[in-house]
Structure formats: C-alpha cells, structure tokens
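Taking it in order: structure first as structure tokens, then the write-up.
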Amino acid sequence: MSHLPHADNYRSDIDGLRAIAVSAVVIHHAFPELFPGGFVGVDIFFVISGYLISSIILDNLARNRFSFADFYARRVKRIFPALFLVLASTLAYGWFVLSPLEYKAVGKHALAGSFFVSNFAFWQEAGYFDASAVEKPLLHLWSLAIEEQFYMFWPLVLVVLHRVGQPKRIWIAALLLASLAFNLWLVRLDDPNPAFYNPLGRFWEMMMGAFLAASRPAPGTKVQHAGARVQWLSTAGVVLMAAVMVKLDPERRFPGGWAFAATLATCLMIAAGPRGWFNRYVLSSKPMVWIGLISYPLYLWHWPLLAYPHIENGGVPPALHQVGWVLLAVLLAWLTYRLVETPIRFGHWRQWRFTTVALSAGVAMTGLTGFTIYKQDGQPERLQRLAANQPGQDGTPEQIQALLKTLSSKGGRPAIIEGWRDGDCMLDYKLPASHYKPFCVEQKRPLVFLWGDSHAGSLYPGFKALQDSGRYSFGLGERTAAICPPILGIDPRPLCKSLNDDTIRVIRETKPDIVVLYAWWHEGKVKGRYKDTSGLEPTVAELKKAGVKRIVLLGAVPYWREDLPKLLLKVWREQQRIPLRLGDEYLDPHVKAATAEMRQRAKAMGIEFISGMDYFCNRQGCLTRMEPGSAEPLSYDYGHLTLPAVKYYVEQIAPLILKP
C-alpha cells in the first residue's frame, strides 16, 4: 500500500501505476457491479511495494549503508500518520452511529489494525454468519497487515543473502515459487478464506516485485535501453492488466492464477521503464502522478467512508451519494498528504528525534482504545436511555431496558445458532456429507425429516421442544446445510450438490413419513446465490418416487431489510420506543412476493404449503418479539428465528404437519 520518499531514481510512471491500482479498488468498492474486477488493484500494490522497497534495501546493501533502525523508522513515518488518522476517525464516528455490537467489532478491528494482524482477525471471523464486508469499516486493513508482516522478515532475508554471498535472484525466485505453490494449493480448497488471508500464500506477490528489483543492473551501471523491447513490455503489460480487470469477478477462485496474471502485468509495466509509451504518456501524466502520490491515504480513507453510509442506510446508498463519498475520500487523502505526510516525511518534522516514537505511540493508543471498546461490549450505555413517557403497549420501562440490553450485548453467530445441531446435523459450507452424525435421523415413527439450508436447521429447537413436551409422538430427522437449499443438481456453493445427493440417498433408505422442505427461497433476489430454483419440482418428484407420503413446503417467516436488532436500535434512536410490530417498510421487499410464488408452486406440485408469515404478521405489521415483555427479538439477523420464536412457530404449525 505504501511508497517511499522520492529518491534520485524516482519514477513518475510508478506513481501512475499506483493511481491505476487505487482507482481500481475505489471504483470497485463504490460500484462493484460496474467494475467487478477492480479488487485486483491490491495485488498491483503488492508488486509495486515489493519492487520499490526491495530496490531501496538492495541498493543500500550494495553501498554498505543499510540499517534496520533506519528502515523501520522510515516505515513508521510512511505508514503510521495516515493510519492513525483513519483509525481515530473511524472509532470516533462509530461512537455516534453504530450499535454496541457493531462498535464492539470495530474496536476489535481497530486493535488488529493498529498491530497489523487484521488479516488474521478477519480470517477468524469468516463464515456463513459473518457480517458482510460493507459492515466492517476497517476490513481493508487486511492488506496493509500482510504487507507489514512481509517486511518484518524480508529485510533480514536480503541482509543474510548479501552477507553470505548467495545469488539473490535465485533465492528470491525459490521463495516466490514456494509461496505461489502454497497459494495455488489453498485456492483449490473449498474454503476461500485461507487463500485470501494467509500471509504465506500472499508473500509471493511482493516477491514478484522483489525479483524484479534484484534483476536490475547494479547502481551506477550504465543502462542501454532497447526501444523495441521496452515498447513490447509496456504494451504486453497494459493488455494483460486490462484483460484481468475486465474478465475477473469475485466469483472466480482468487488469488491463484488470476492474481499471478495481474502481478505479471505489473512487473511487465515496471520493467518497461519510463521510456515505455504507456508509462511515458499515460502513467507519467500529471493527473495520474497526483493520484499516485495520494494513493496510500486514499486507500485508507475510502473504505470507512463507503462502509458507514451503507451501515446507516441498511443498504447501498444511491449512486450519486457514492460519488460524493469517493470525492470526499480524495479530498481527505490530499489533505492528509499535504498537511500530515509531507511535513513528517520531507518537512520540519522529519528530523525531530521523537517523531517515530510519537507516531508509534499514537497508533498503539488507537489500538488500546479499540481494545477498551471491545472489552466494554461496544459501550451499550450509549443507547440504553429510557424515555420518560415510554408507551405502555411496547412494555414496561424495565422490560424495554432488558430488551435494549439484549440487543446491545447479544448477537452474531453464537446467538443465531443457539439450540441448533450445528456441525452435526446442520453443516457449514466447509463440511462434507460424511460429517452428518448417525443420530441426525432417528428410528422412531412417524419420522419427520427436515431438509434445507440453515433456515431449516434453525427449526430443530422447535421440533425438539415439541417432541420433549409429549404432546406429539414422532421421530425427527435432519439434514440441513448453510447456503444449500433442498434442490437436487445445483451447487450455489462448494459441496452443496454432494450434500443433497447424500441426503436423497438417506431419504430413499429411511423412507420418512413427512419431509419438510425449507430454505431462503428468494435468496437469489437478495444475495444472488440461489439463482435458479427451478429444480425444486424435479426434487419433489424424486421424493415421491422415494416413497415419501407427505411433503410440506414451508414459506418464509418475516425476513427483514437488515438484521432485526439493528433495525430496532435505529427505531429506538429515532423514536425512543421499540414497537412490538414493524410495518412492511422494514421487511425484505421480496418476502411477500416470494411467499405467494412458493404457495402457487406447492399447489401445482400437489404438496402442502405453510406460510410462516401467517403466524407472525397481521395488518399492523410483523412481530419484532413474541410479546411486549420479551427480552429477545424475533431474530438476531435478517430471518433465522430465535429460540422463543421458533418454539412458538413449530407449536403453531404442528397440527398441520403432524395431523392424523
């Protein structure tokens, strides 16, 4: 992400190359559908960083002037000023607009960002129930963390190679190929997160630049520029980089081969030198150089400025607003460069002996502030203020206070999956069918078999409670999996097809009396993964062939525009009350049409249909909790029911499912 102070061999075209990288990332984040391949700009940054910093180290080693203290002091002066401003601003703004759970997460991420371990923090969080990227204002610091982790050991490697007289290019190439091979292996795994966040699988990108730096002529050597070769390198680099950005999209396996193509293109353009036609006339132009000079603070500022409006609006802001936030990021980046970075790196602050210590202390303090926010659960007292005239229909002041405390302190994956057989009978996307346990399907009759995605898995606590009550006698089977609807032949994520194939095999063997099908049927309209549900009808036909006597298709329960706790806290901030019901304007706009569609399809297939909306909604709106005195919301996310809600729901639909 960074670049070094201007030196005698300063190349304006490399600043222009930075401009391409940062512009690609910013446009992609602001308008992902317009420029889906722009995220590869981070990989371009990695190569540039590896080339420039390795060049500085190697040149200083050649002159016997390299100093670890000087190297890391320069890194601090380059990295820390803008980082401190962005971390402090993100924490300060979050205090006013974020829910306690969101603020707690930002505190944790500020801590990770200040100590350059963000990639590990986000890797640990990654999963089906993880918050979306746009709800993490400091997510972009993962790349800065990987870069700084690389530079914790890379100078030592080059120093050792220099002192023992080993050929640097050969060793750099060997390390590069080892890291690249590891990355290619990671990319082939079903879980994409290790390939993305594991630093050992990313270091090769900076080594691409380092290899290029080690391949330069020795300092002081007169270079003969071959005109045709230079133009060929420049042209090939431009064409390859354009092809990657046009063809790449987030659905492809990454980094892997696509990242290698992008880094190779970057190397070709750097190797072309300032005499290459594109480098000379485009990259070295004043507008491109100007953007390149502010690229680092622009990268840091742009993501919080795009993430916060998304969090506050509960969705993507209008395009004109996005343009405004990008322009504000450019302004803040320029001000940061002119008023903070330039004085510290080139001006009167440069020689101040305590600059490095002060900057390090400042960044550490933001990290410790984030740690305090995290330990204090996002400071929920910011929102737990009781209105003097609390309306009686919403509950007593004490009940509302209890609900606010729950909304402020409970959430995330642990709250969502409470009571599930997660990892045993409801599998996350990394687990194959062999992880289903034998007890997932009981021998008792009549056998009710739950088949579907995580929404079907969320019903298990309700059926278990009904079973334990003794009111009905039945056996229970469950085969559910995150992001995997009960539709044969489709693969919205790795392993889904094999999971469903194994489930239909088990159904053929056990011949359940009742199969309950449930999923986020209209997920394709919201997230785009269940793009084609036309295979539901053939799946139902297979169930009938398997001898299943009754098939019950469940429609949606209330699905919300965003996580229900966030909605309720927003309403509390605006109205100082938490209504028992919320109207259609708070619901997922697709949920009612999807319910009508599934009802019609069930009728056409000759199977039973039950709408969850019928049990939670009326003309006044949909329930936000089961009763005014309840301290738990209906959902801890957009639509998976909490324990009280799912027990109520299953109890209500039991006479329809378990009728004689």
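Numbers for residues simply follow the sequence, beginning at 1.
Remark: C267 pairs with no residue by the disulfide bond (SG atoms under 2.5 Å apart) rule, at least two apart or across chains. Among residues two or more places apart in sequence or in another chain, the side chain to side chain donor-acceptor pair (under 3.5 Å) test is passed with W325 by none. By the side chain to side chain donor-acceptor pair (under 3.5 Å) test, S118 is found to be paired with no residue, residues two or more places apart in sequence or in another chain being considered. In this structure, the ring-ring contact (aromatic ring centres under 6.0 Å, His included) partners of F153, at least two apart in sequence or on a different chain, are F150, F203. Residues meeting the side-chain contact (heavy atoms from CB on, under 4.5 Å) test with I44, sequence neighbours left out: L17, A21, I48, M241, M245, T266. Applying the salt bridge (Lys or Arg N to Asp or Glu O under 4.0 Å) test to R11 and every residue at least two apart in sequence or in another chain returns D13. Partners of F35 under the ring-ring contact (aromatic ring centres under 6.0 Å, His included) rule, at least two apart in sequence or in another chain, do not exist in this structure. For D70, the salt bridge (Lys or Arg N to Asp or Glu O under 4.0 Å) test picks out R74, with sequence neighbours left out. In this structure, F115 has no ring-ring contact (aromatic ring centres under 6.0 Å, His included) partners at least two apart in sequence or on a different chain. The salt bridge (Lys or Arg N to Asp or Glu O under 4.0 Å) search around K168 returns none, not counting sequence neighbours. For Y374, there are no ring-ring contact (aromatic ring centres under 6.0 Å, His included) partners two or more places apart in sequence or in a different chain.
In this structure, F80 has its ring center closer than 6.0 angstrom to the ring center of F116. Ring centroid separation for the pair F66 and H162 does not come in under the 6.0 Å cut-off. No close placement of the Y197 and F120 rings is indicated, their centers lying 6.0 Å or farther apart. Ring centroids of Y299 and H302 are separated by less than 6.0 Å, placing the two rings close together.
The list of side chain to side chain donor-acceptor pair (under 3.5 Å) pairs with a residue in residues 34-44, not counting sequence neighbours, reads D43-R202.
Under the side-chain contact (heavy atoms from CB on, under 4.5 Å) test applied with I56, the options L52, N60, D59 reduce to a single match, N60.
Between R78 and E341 there is a salt bridge, with a side-chain nitrogen of the basic residue lying less than 4.0 Å from a carboxylate oxygen of the acidic one.
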Evaluate F68 against V159 for side-chain contact (heavy atoms from CB on, under 4.5 Å), listing each step before the verdict. CA-CA 10 Å; F68 283 102; V159 167; 3.8 Å; yes
I would like to know whether T263 and W204 meet side-chain contact (heavy atoms from CB on, under 4.5 Å); could you show each step before the answer? CA-CA 10 Å; T263 56; W204 65 270; 3.4 Å; yes
Could you walk me through whether K566 and E312 pass salt bridge (Lys or Arg N to Asp or Glu O under 4.0 Å), step by step? CA-CA 9 Å; K566 296 180 185 177; E312 293 180 72; over 6 Å; no
